[in-house]
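Note: hydrogens, waters and symmetry copies are ignored here, and every other heavy atom, side chains too, is used. Residue numbers start at 1 and run along the sequence shown.
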Amino acid sequence: MINWIYFPLCDRPTKMVVDIVSVFETVADEIDSATHKEQESNVVLSKVRNGLVELGFLVESGKKANEKINVPVLFGQKGKMIRSFDADAYCEQENFIIEVEAGRGVTNYQFLKDLFQACMMHEVSYLAIAVRNKYRNSHDYEKVQTFFETLYASQRLTLPLKGILIIGY
């Protein structure tokens, strides 16, 4: 089962958000964390790759440097990129990045690193984070959802992002 929520809650999800969710829903049986308990994030990413490419995303294809998706962060002399962060998927036309996490998504707070990096990336406006619905005895999707509900409700931190999509798979 695919769960999802879009922040801020006062904004209607964009067409791209709905399309991304549809890609995950298309392969829901193949990535369901209740059934596929030890499936790594790269396997999940490989199952949504074709659908994301159809939406205009560049998608990481491996761990080698030429297989990663670098999104600019800083520029130096003559406008040359001097710092970048990797994203699992990036659609430059929509200013959208996607990060797919598995076991360490919540356990090691990887979703917070994803948030930080998305906030630093040049011209990125939207972030999607996909996490397991459940990992071992932890309800990861619910924990990430609660975190973002609290972040937006408190209004103590203003993010440079227009929207954040959380997907539970």
Side-chain angles (χ1 to χ4, degrees), residues 1-7 9 13-71 84-92 94-121 124-151 161 163-169:
M1 168 196 274
I2 299 298
N3 290 306
W4 67 278
I5 190 165
Y6 179 74
F7 295 96
L9 296 176
T14 66
K15 180 181 181 324
M16 180 60 85
V17 165
V18 173
D19 290 345
I20 292 167
V21 170
S22 293
V23 169
F24 279 82
E25 288 174 334
T26 300
V27 296
D29 291 342
E30 299 174 51
I31 63 173
D32 181 23
S33 57
T35 307
H36 305 282
K37 296 180 183 189
E38 298 300 320
Q39 192 163 245
E40 295 179 359
S41 62
N42 287 338
V43 174
V44 174
L45 184 61
S46 72
K47 295 186 182 204
V48 296
R49 175 177 286 110
N50 291 340
L52 295 177
V53 168
E54 287 178 19
L55 295 178
F57 282 87
L58 298 173
V59 182
E60 178 182 283
S61 59
K63 293 302 177 186
K64 295 177 185 172
N66 65 336
E67 299 172 324
K68 293 184 175 229
I69 308 300
N70 297 322
V71 182
S84 65
F85 289 133
D86 296 335
D88 288 337
Y90 175 49
C91 180
E92 186 173 6
E94 296 284 333
N95 300 324
F96 213 122
I97 66 161
I98 300 173
E99 294 292 344
V100 178
E101 305 300 344
R104 66 186 190 137
V106 172
T107 304
N108 290 352
Y109 298 99
Q110 184 66 32
F111 77 96
L112 290 177
K113 182 181 177 199
D114 296 339
L115 172 63
F116 171 79
Q117 289 184 342
C119 290
M120 299 300 109
M121 291 174 177
V124 167
S125 300
Y126 298 94
L127 166 66
I129 303 173
V131 297
R132 292 170 175 267
N133 282 315
K134 187 173 181 183
Y135 177 62
R136 297 183 180 154
N137 293 323
S138 174
H139 296 277
D140 284 9
Y141 171 77
E142 290 176 16
K143 287 181 178 181
V144 174
Q145 175 184 346
T146 299
F147 175 87
F148 282 101
E149 285 174 348
T150 304
L151 183 136
L161 302 172
I164 299 174
L165 169 64
I166 307 302
I167 300 170
Y169 64 88

Side chain to side chain, I20 and L165, heavy atoms closer than 4.5 Å: yes
Side chain to side chain contact (heavy atoms under 4.5 Å, CB included) partner of L52, chosen from I98, V100, D88: I98
From E40 atom CD to L45 atom CG, the distance as rounded to the nearest 0.5 Å: 12.0 Å
Steps toward side-chain contact (heavy atoms from CB on, under 4.5 Å) verdict (C119, L161): CA-CA 7 Å; C119 290; L161 302 172; 4.1 Å; yes
Test item: R136 side-chain N/O and G103 main-chain N/O as donor-acceptor pair under 3.5 Å: no
Centroid separation F147 to F111 less than 6.0 Å: yes
Distance-only donor-acceptor check, side chains N133 and N3, under 3.5 Å: yes
Least distance between heavy atoms, Y126 atom then E94 atom: CD1-O, 3.5 Å
Gap separating the CD atom of E25 from the CH2 atom of W4, nearest 0.5 angstrom: 8.5 Å
Inter-residue atom distance L55.CG - K15.NZ, 0.5 Å rounding: 7.5 Å
Side chain proximity check, F7 to E149, heavy atoms < 4.5 angstrom: yes
Residue pair L127 / V124, side-chain heavy-atom distance below 4.5 Å: no
From K143 atom NZ to F148 atom CZ, the distance as rounded to the nearest 0.5 Å: 15.0 Å
Any donor-acceptor N/O pair, Q117 side chain to D114 backbone, under 3.5 Å: no
Closest contact, heavy atoms only, P13 versus Y6: CA-CD2, 3.8 Å
Minimum heavy-atom distance between A102 and Q39, given as atom pair plus value: CB-O, 3.8 Å
Side chains of S33 and Y141 in contact at under 4.5 Å (non-hydrogen atoms): no
K63 and N42: CA distance, side-chain angles, deciding distance, side-chain contact (heavy atoms from CB on, under 4.5 Å) verdict: CA-CA 10 Å; K63 293 302 177 186; N42 287 338; 3.2 Å; yes
Aromatic plane relationship, F96 with F57 - under 30° parallel, 30 to 60° tilted, over 60° perpendicular: perpendicular
Spatial distance of atom CG (N108) from atom CD (E101) [nearest 0.5 Å]: 10.0 Å
T146 and T150: CA distance, side-chain angles, deciding distance, side-chain contact (heavy atoms from CB on, under 4.5 Å) verdict: CA-CA 6 Å; T146 299; T150 304; 4.2 Å; yes
Y169 side chain reached by D32 side chain, heavy atoms, under 4.5 Å: no
Test item: D86 and V71 side chains (from C-beta on) under 4.5 Å apart, heavy atoms: no
Intermediate values then yes/no, side-chain contact (heavy atoms from CB on, under 4.5 Å), D19 and V17: CA-CA 5 Å; D19 290 345; V17 165; over 6 Å; no
Distance, nearest 0.5 Å, that separates CE of M121 from CG of N70: 9.0 Å
Heavy-atom side-chain proximity of H36 to I31 below 4.5 angstrom: no
Heavy atoms from other residues, nucleotides or ligands near CG of N66 exceed 12 (cutoff 6.0 Å): yes
D140 to S138 - nearest heavy-atom pair and separation: OD1-OG, 2.6 Å
Other residues, nucleotides, ligands: >12 heavy atoms within 6.0 Å of R104 CZ: no
Side chain R132, main chain V106, donor-acceptor under 3.5 Å: no
Heavy-atom closest contact (C91 atom, M16 atom, distance): SG-CE, 4.2 Å
Beyond-backbone contact of I164 with L115, side-chain heavy atoms, under 4.5 angstrom: yes
